[in-house]
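Notes for the one structure printed next.
Position 1 is the first residue of the sequence, and the numbers go up from there.
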Amino acid sequence: MGHKELDAGLLVAGVDVGGTNIEVGLVNSAHEVQRRLKTATPDGGPQKVLAAITELLNGLGEEPVAVGVGIPGVVHDGEVLTVPNLPNWTEDFDLVGSLGELVEAPVTLGNDVNVGLLGEWVAGCAKGFRNVLGMWMGTGIGGSIILDGRPFLGSRGAAGELGHVTVQPGGALCSCGRRGCLEAYAGRRSLSAVVTAMMDAGRHTSLLTIRDEEKSPN
């Protein structure tokens, strides 16, 4: 699978929608990030997410010729099938069409980890390799695969979703609604919940000191 080189001087925008933050970057034809903005991910549903993305894109100061969006969910043929780490998300919300009308530029949508690995494969640490496994640790756990020089998505676009591989049958409840997923044990939200419960139970940890330092006005 090849990629088309951009004309010199054209700028495109990349949007990373995460369960914790939304970040946008303005990128030139040499794959160099010219500007970057970030905000907390709102929990009010897709309309709030759309508004946050639009505000960030407007804040870049220049109009991109195209916008690419990565979202933490299963995406198939441009449609979002599941978004476990974005609360109150309506799965049939037309993010591509709605955002395209607001920014007046073509918009493409993909799973955040799939497009992240694609970026590394085109211009980053995975450039030049034909077989790559990518794994992202964040609010959840994402995975992506490139086999024989092509992104491998599977029949439903979820082939690389390592975070939702069952590691403990009948185990802890995951944000996807199933039990025992890797993400339910090793994702940031899951780890934070475990640590918070241990601290509330009186267990000594240096995290208490770190938390107090973060709350300090100094």
Report the C-alpha distance between Cys181 and Arg178 in whole Å, list the side-chain angles of each, state the deciding distance to 0.1 Å, and finish with yes or no for side-chain contact (heavy atoms from CB on, under 4.5 Å).
CA-CA 7 Å; Cys181 296; Arg178 300 191 305 168; 3.9 Å; yes
Look at the side-chain heavy atoms of Ile, Leu, Val, Met, Phe, Trp and Tyr, link any pair under 4.5 Å apart, and say whether Val27 and Leu10 land in one connected group.
yes
Are more than 12 heavy atoms from other residues, nucleotides or ligands located less than 6.0 Å from atom CD of Gln34?
yes
Using a 4.5 Å cut-off on heavy atoms from C-beta on, say whether the side chain of Cys174 contacts that of Pro84.
no
Do Val165 and Val113 belong to the same hydrophobic cluster, where Ile, Leu, Val, Met, Phe, Trp and Tyr are linked whenever their side-chain heavy atoms lie under 4.5 Å apart, directly or via other members?
no
Trace of the side-chain contact (heavy atoms from CB on, under 4.5 Å) decision for Leu133 with Leu162
CA-CA 10 Å; Leu133 172 64; Leu162 302 178; 3.9 Å; yes
Hey, what do you get for CD (Glu55) to CD1 (Ile22), rounding to the nearest 0.5 Å?
10.0 Å
Is the closest side-chain donor-acceptor distance between Asn114 and Ser144 under 3.5 Å?
yes
Does any non-hydrogen side-chain atom of Val33 lie less than 4.5 Å from one of Leu26?
no
Kindly give the heavy-atom pair with the smallest separation between Gly70 and Val115, and that separation in Å.
CA-CG2, 3.9 Å
Counting C-beta onward and ignoring hydrogens, is there a side-chain heavy-atom pair between Val69 and Val107 closer than 4.5 Å?
yes
For the CG atom of Asp112 and the CH2 atom of Trp136, what is their distance to the nearest 0.5 Å?
9.0 Å
What's the separation between atom CG in Leu56 and atom OG1 in Thr39, rounded to the nearest 0.5 Å?
5.5 Å
Looking only at non-hydrogen atoms, find the nearest pair between Ala172 and Ala184 and report the distance.
O-CB, 3.8 Å
Quick check against the 3.5 Å criterion: does Arg179 have a side-chain atom that pairs as donor or acceptor with the backbone of Gly171?
yes
Would you mind reporting whether Ile53 and Val103 have side-chain heavy atoms less than 4.5 Å apart?
no
Do Phe152 and Val75 belong to the same hydrophobic cluster, where Ile, Leu, Val, Met, Phe, Trp and Tyr are linked whenever their side-chain heavy atoms lie under 4.5 Å apart, directly or via other members?
no
side-chain contact (heavy atoms from CB on, under 4.5 Å) between Val122 and His31, worked out
CA-CA 9 Å; Val122 170; His31 306 122; 4.0 Å; yes
Pick from Arg36, Arg35, Lys38: which one makes a salt bridge (Lys or Arg N to Asp or Glu O under 4.0 Å) with Glu23?
Arg36
In terms of side-chain heavy atoms, does Ser190 have a donor or acceptor partner in Glu183 at a distance below 3.5 Å?
no
Atom CE of Met135 and atom CD1 of Ile145: how far apart are they, to the nearest 0.5 Å?
11.0 Å
If hydrophobic clusters are built from ILVMFWY residues whose side chains come within less than 4.5 Å, do Leu117 and Ile141 share one?
no
Thr41-Thr20 side chain donor-acceptor pair, cut-off 3.5 Å:
no
Heavy-atom closest pair (Leu99 atom, Thr54 atom, distance to 0.1 Å) is CD1-OG1, 3.8 Å
Find the distance between CH2 (Trp121) and CZ (Arg150) and round it off to the nearest 0.5 Å.
8.5 Å
Passes side-chain contact (heavy atoms from CB on, under 4.5 Å), Leu86 versus Ile71? Steps please.
CA-CA 9 Å; Leu86 293 182; Ile71 195 166; 4.1 Å; yes
Note: Leu57 and Ala13 closest approach over all heavy atoms is CD2-CB, 3.7 Å
Under 4.5 Å between side-chain heavy atoms, counting indirect links through other Ile/Leu/Val/Met/Phe/Trp/Tyr residues: same cluster for Met137 and Leu182 or not?
yes
Any Lys127 side-chain heavy atom under 4.5 Å of Glu120 side chain
no
Beyond-backbone contact of Val65 with Val12, side-chain heavy atoms, under 4.5 angstrom
yes
Is the backbone of Thr166 close enough, under 3.5 Å, to the side chain of Gln168 for a donor and an acceptor to pair up by distance?
no
For a 4.5 angstrom cut-off between non-hydrogen side-chain atoms, does Ser29 reach Leu11?
no
Is there a side-chain contact between Thr108 and Val96 in this structure, where contact means two heavy atoms from C-beta onward sitting under 4.5 Å apart?
no
What is the distance from atom CG of Leu153 to atom CD of Glu161, rounded to the nearest 0.5 Å?
10.5 Å
Side chain of Tyr185, backbone of Gly180: donor and acceptor closer than 3.5 Å?
no
